[in-house]
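I have placed the structure first, in the form of structure tokens, so that the comments after it can refer back to it.
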Amino acid sequence: MGLAELVLLAIGLSMDAFAVSICKGLGMKKINLKVAVVLGLFFGGFQAGMPVIGWALGSQFMGIIGPIDHWIAFILLAFIGGKMLWEAFTEDEDEGDGKDAEKIDLVEYLILAIATSIDALAVGISFAALSVDIVPAVSLIGITTFIFSVAGVAIGHTFGARYEKPATIVGGIVLILIGLKILLEHLGILAL
């Protein structure tokens, strides 16, 4: 997996956190940089940590999954992308949960970080299948998610909810396309 694919993957994975960050920004009367940075650290940290866990698990089973690794990567990425698209088109937008968005709630941030990074666990398994160098990959994912999360709070505050659904759709499509590219390359249909 090349740098371009890793960048696109990092962007795709960060879209859930970006969408949630936009929602947090919506509830702010004025932008709170501290909240944005703490939220970004939670989201970025979990988005970087989950692939490491998936990679460690996947690395233990490479002898078994080696011959079908491209199918595993395709199925996992297509599933994650499809799930994001499904959620974008079927879930109702929350109008707010009554909490003050300008206060830091570590328990809430922990739950949100885990929920938005579960997909990254499956990506870590595909990293093991594709022998991706894990440290630069998860660093890129973590930094990208941090940037998108902080930006999401600012965008949510400034522009409202109109970007939440498109961000989730773009993230889902990007993940599906990366999975398809991996499959086509391994099948010899696409040579890049």
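No chain of hydrophobic side-chain contacts below 4.5 Å, direct or via other Ile, Leu, Val, Met, Phe, Trp or Tyr residues, connects L39 to V107. Both Y109 and I114 belong to a single network of hydrophobic side chains, linked directly or stepwise wherever heavy atoms of I, L, V, M, F, W or Y lie under 4.5 Å apart.
Residues satisfying the side-chain contact (heavy atoms from CB on, under 4.5 Å) criterion with A113, sequence neighbours excluded, are F42, F43, F46. Every residue two or more places apart in sequence or in another chain that forms a side-chain contact (heavy atoms from CB on, under 4.5 Å) with V135 is listed here: S139. Listed by chain and number, the residues in a ring-ring contact (aromatic ring centres under 6.0 Å, His included) with F148 are F18 (sequence neighbours excluded). Scanning for side-chain contact (heavy atoms from CB on, under 4.5 Å) contacts around L8 gives V174, I178, with sequence neighbours left out.
At distances below 3.5 Å, not a single donor-acceptor pair connects side-chain atoms of Q47 with backbone N or O atoms of S14. A donor-acceptor distance shorter than 3.5 angstrom exists from the side chain of N32 to the backbone of V35, with no hydrogens or angles considered.
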Validation: residues 72-82 side-chain donor-acceptor distances under 3.5 Å, sequence neighbours left out:
none

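Minimum heavy-atom separation, A48 to V52: O-CG2, 3.5 Å. When all heavy atoms of I134 and P51 are compared, the pair lying nearest together is CD1-O, 4.1 Å. Counting all heavy atoms, side chain and backbone alike, A137 lies closest to L6 at CB-CD2, 4.0 Å. Across all non-hydrogen atoms, the minimal contact from G40 to S149 is CA-CB, 3.6 Å.
Between atom OG1 of residue T145 and atom CD1 of residue I11 there is a gap of 10.0 Å, rounded to the nearest 0.5 Å. Between the CH2 atom of W55 and the CG atom of L121 there is a distance of 14.0 Å, given to the nearest 0.5 Å. To the nearest 0.5 Å, atom OG1 of residue T144 and atom CE of residue M15 are 9.0 Å apart. For the atom pair I125 CD1 and I53 CD1, the distance stands at 10.5 Å (nearest 0.5 Å). A distance of 10.5 Å separates CD in E5 from CG in L130, rounded to the nearest 0.5 Å.
Looking at L13 and L9, their side chains come closer than 4.5 Å, going by heavy atoms from C-beta outward. With contacts defined as side-chain heavy-atom distances shorter than 4.5 Å, the pair L106/L110 does not qualify. Under the 4.5 Å side-chain criterion, counting only non-hydrogen atoms from C-beta, V153 is not in contact with I22.
Annotation for V150: hydrophobic cluster partners, listed by chain and number, are L33, V37, L41, I143, F146, I147 (ILVMFWY side-chain heavy atoms under 4.5 Å, direct or chained).
Sorted by first and then second residue, the ring pair (Phe, Tyr, Trp, His ring centres under 6.0 Å) pairs with a member in residues 113-138 form an empty list; sequence neighbours excluded.
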